[in-house]
Amino acid sequence: MSLTLEDYGWSDSFASAFAAYAEEGFEPGRVFLQHNRALMLYTAAGETPAETTGRLRFHARGAEDLPAVGDWVVIRRAGDGAKVHEILPRRSKFSRRAAGSETAEQIVAANVDTVFLVTGLDNDYSPRRVERYLIMAWESGAEPVVVLNKADLVEEAEERRAEIERVAPGVPVLLLSAKRGVGVEQLLPYIERGRTVALMGSSGVGKSTIVNRLLGSEVQRTAEVRLSDARGKHTTTHRELFVLPGGGLVLDTPGMRELQLLVSERGLRETFEEIEEAAAACRFSDCRHEGEPGCAVREALDSGEIDPNRFNSYRKMQAEMRHAATLIDQRKAQDEKARVKRIHRDLKKIYKKRSEE
């Protein structure tokens with residue numbers, strides 16, 4: 001059975017954004033695989049290799065302005081492949097600060113409806129890491145679901161689920177063992193025709209095993225976790241979007257050992273809802289919760305309504321985001337200074353040329 005654009009996630013909003021390009025003879029395609037500049041697209045005519053035009057690369061401010069897996073793009077056929085001319089507006093995007101960079105944004109996935117935040121219940125288990133992923137998920141615009149994998153390896157699986165439910169209020173928290181195939185059916189209600197689910201999590205948590213279970217075949221290569229420290233190898237080395245046999249799409253991502261946050265006010269607010277609500281009741285709007293009179297957050301900490309570990313995590317991520325905002329402002333100032341300098345240099349060349357004529 002041939003697939004349609006709707007099977008790949010095409011919707012009325014994308015069709016509306018594409019209308020003007022359709023009149024000029026362009027086609028839409030969705031990026032399902034990316035390797036450097038080379039792309040693979042789902043199109044109405046099937047899978048198509050593609051690459052971005054030089055103009056698109058030239059005008060890009062950074063990697064965030066170039067196609068990412070999950071993007072819907074505007075293409076024109078060229079030989080056996082296609083050229084990508086534009087990116088349609090993203091309905092959602094997962095971003096992080098690029099590893100090793102102070103300010104660069106890295107798009108992890110685009111146009112995702114639901115994100116499975118996968119963590120292992122073995123030595124990978126960390127409520128603090130779940131908080132970091134939740135911030136990224138809420139900021140993206142997708143709906144988060146926490147997936148606690150390897151439930152068969154620990155006796156306290158239900159206790160850990162209860163702990164994560166306190167960390168992620170209002171977010172579904174699922175227990176499963178992908179390797180044994182137990183509980184995977186809980187994921188199916190979130191995967192429907194035309195809807196896209198992404199799996200996020202560190203290495204070795206079982207993302208590729210979950211994808212293989214959903215696909216019904218060993219499409220994604222997996223590797224045994226090193227028993228000494230339960231840290232997985234990078235078995236998935238690229239992002240890829242798969243169409244599931246029963247409809248829907250699933251996006252597997254490489255494990256991220258380092259998850260540097262961008263500025264994410266919404267993500268912080270949604271992830272630490274109980275702290276944000278308490279802060280709204282503080283006497284002073286600029287309260288830093290460090291002993292000021294009328295501090296509702298300190299009162300909630302003293303009464304046990306707010307977990308001290310959660311509050312410390314909140315403060316740490318607040319500081320990280322302030323630092324990121326400062327770096328971004330500095331980069332913008334540097335870019336503006338360089339732009340003005342280029343203008344003056346070009347003007348000097350013009351004046352010199354005129355004086356010599």
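These figures come from a predicted structure and were not determined experimentally.
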Trainee: Are Gln186 and Val147 side-chain neighbours, meaning at least one heavy-atom pair lies under 4.5 Å?
Mentor: no
Trainee: Quick check: does any side chain N or O of Arg213 sit under 3.5 Å from a backbone N or O of Ala178, one acting as donor and the other as acceptor?
Mentor: yes
Trainee: Determine, for Arg166 against Glu163, whether the closest basic-nitrogen to carboxylate-oxygen distance falls under 4.0 angstrom.
Mentor: no
Trainee: When you check the gap from the basic side-chain N to the acidic O, do Arg160 and Glu155 get nearer than 4.0 Å?
Mentor: no
Trainee: On the six-membered ring of Phe26, is Arg76 placed so that its NZ or CZ lies under 6.0 angstrom from the centre and within 45° of the ring axis?
Mentor: yes
Trainee: Could you walk me through whether Glu292 and Arg283 pass the salt bridge (charged side-chain N to carboxylate O under 4.0 Å, His left out) check?
Mentor: CA-CA 9 Å; Glu292 296 92 336; Arg283 181 184 301 177; over 6 Å; no
Trainee: Indicate yes or no: does Arg30 engage Asp71 in a salt bridge with an N to O separation below 4.0 Å.
Mentor: no
Trainee: Calculate, to the nearest 0.5 Å, the distance between atoms CD and CG belonging to Glu240 and Leu33 respectively.
Mentor: 5.0 Å
Trainee: Which pair of heavy atoms, one from Asp113 and one from Gly194, lies closest together, and at what distance?
Mentor: OD2-O, 4.3 Å
Trainee: Distance alone, cut at 3.5 Å: any donor-acceptor contact between the side chains of Asn111 and Ser92?
Mentor: no
Trainee: Under 4.5 Å between any side-chain heavy atoms of Val31 and Met40, yes or no?
Mentor: no
Trainee: Test side chain to side chain contact (heavy atoms under 4.5 Å, CB included) on Leu174 and Leu187; report intermediate values, then the result.
Mentor: CA-CA 8 Å; Leu174 310 179; Leu187 307 179; 3.7 Å; yes
Trainee: Could you check Leu148 against Leu176 for side chain to side chain contact (heavy atoms under 4.5 Å, CB included), going step by step and ending with a plain yes or no?
Mentor: CA-CA 6 Å; Leu148 303 180; Leu176 57 85; over 6 Å; no
Trainee: Taking atom CZ as the centre, does Phe58 end up with more than 12 heavy-atom neighbours from other residues, nucleotides or ligands that are less than 6.0 angstrom away?
Mentor: no
Trainee: Measuring from atom CZ of Arg129 to atom CG of Leu134, what distance do you get when rounded to the nearest 0.5 angstrom?
Mentor: 13.0 Å
Trainee: If you draw a 6.0 Å radius around CG in Asp302, do more than 12 non-hydrogen atoms from other residues or ligands fall strictly inside?
Mentor: yes
Trainee: I'd like to know whether Leu121 forms a side chain to side chain contact (heavy atoms under 4.5 Å, CB included) with Leu175, so could you lay out the CA-CA distance, the side-chain angles of the two residues, the decisive distance to 0.1 Å, and finally the verdict.
Mentor: CA-CA 9 Å; Leu121 288 179; Leu175 275 178; 3.5 Å; yes
Trainee: Answer yes if the side chains of Arg77 and Thr48 hold a donor-acceptor pair under 3.5 Å, and no otherwise.
Mentor: yes
Trainee: Please name the pair of heavy atoms, one in Lys207 and one in Ser202, separated by the smallest distance, quoted to 0.1 Å.
Mentor: NZ-O, 3.2 Å
Trainee: Please determine whether the number of non-hydrogen atoms from other residues, nucleotides or ligands lying under 6.0 Å from atom CZ of Arg180 exceeds 12.
Mentor: no
Trainee: Taking the side chain as every heavy atom from C-beta outward, state whether Phe32 and Tyr8 have any atom pair closer than 4.5 Å.
Mentor: no
Trainee: Could you tell me the separation between the CD1 atom of Ile210 and the NZ atom of Lys179, rounded to the nearest 0.5 Å?
Mentor: 13.5 Å
Trainee: Measure from the side-chain N and O atoms of Tyr190 to the backbone N and O of Arg195, and report whether any donor-acceptor pair falls under 3.5 Å.
Mentor: no
Trainee: Are Glu27 and Tyr21 linked by a side-chain donor-acceptor pair shorter than 3.5 Å?
Mentor: no
Trainee: For Pro293 and Phe284, work out which heavy atoms get closest and say how close.
Mentor: O-CE1, 3.6 Å
Trainee: Between Ser313 and Glu131, does any side-chain donor sit less than 3.5 Å from a side-chain acceptor?
Mentor: yes
Trainee: Under the side chain to side chain contact (heavy atoms under 4.5 Å, CB included) rule, what do Thr52 and Glu86 come out as? Steps first, then yes or no, please.
Mentor: CA-CA 8 Å; Thr52 55; Glu86 298 289 348; over 6 Å; no
Trainee: Spell out, as yes or no, whether a donor-acceptor pair under 3.5 Å connects the side chain of Ser303 to the backbone of Ala300.
Mentor: yes
Trainee: Go through the side-chain N and O atoms of Ser140 and Arg91 and say whether any donor and acceptor fall under 3.5 Å apart.
Mentor: no
Trainee: Under a 4.0 Å threshold between the charged nitrogen and the carboxylate oxygen, would Glu64 count as salt-bridged to Lys93?
Mentor: no
Trainee: Taking atom CG of Leu301 and atom CD1 of Ile275, what is their separation to the nearest 0.5 Å?
Mentor: 7.5 Å
Trainee: Check whether any side-chain heavy atom of Asp307 sits under 4.5 Å from a side-chain heavy atom of Glu274, and report yes or no.
Mentor: no
Trainee: Identify whether Val182 and Ile191 are in the same connected component of the hydrophobic contact network (ILVMFWY, side-chain heavy atoms under 4.5 Å).
Mentor: no
Trainee: Between Glu290 and Arg315, does any NZ, NE, NH1 or NH2 come within less than 4.0 Å of an OD or OE carboxylate oxygen?
Mentor: yes
Trainee: State, with a plain yes or no, whether a side-chain heavy atom of Phe18 is found less than 4.5 Å away from one of Trp10.
Mentor: yes
Trainee: Could you state the interatomic distance from CD1 (Ile87) to CG (Leu56), rounded to the nearest 0.5 Å?
Mentor: 5.5 Å
Trainee: Less than 3.5 Å apart, any donor N or O on the side chain of Thr209 or Asn212 sitting next to an acceptor on the other?
Mentor: no
Trainee: What closest approach, in Å, do Leu214 and Pro245 show between heavy atoms, and which atom pair accounts for it?
Mentor: O-CD, 4.0 Å
Trainee: Report yes if some heavy atom in the side chain of Val73 is under 4.5 Å from a heavy atom in the side chain of Leu88; otherwise report no.
Mentor: no
Trainee: Any side-chain heavy atom of Thr119 within less than 4.5 Å of one from Tyr133?
Mentor: no
Trainee: Okay, side chain of Asn312, backbone of Asn309: is any donor-acceptor separation there less than 3.5 Å?
Mentor: no
Trainee: Can you tell whether the side chains of Asp122 and Lys150 come within less than 4.0 Å, N to carboxylate O?
Mentor: yes
Trainee: State, yes or no, whether a side-chain contact exists between Val297 and Tyr314 at a heavy-atom distance under 4.5 Å.
Mentor: no
Trainee: Looking only at heavy atoms, what is the nearest atom pair of Leu251 and Ala109, with distance?
Mentor: CD1-CB, 3.8 Å
Trainee: Which heavy atom of Val115 sits nearest a heavy atom of Ala137, and at what distance?
Mentor: CG1-CB, 3.7 Å
Trainee: Within this structure, what is the OG1-CD1 distance for the pair Thr43 and Ile75, rounded to the nearest 0.5 Å?
Mentor: 5.5 Å
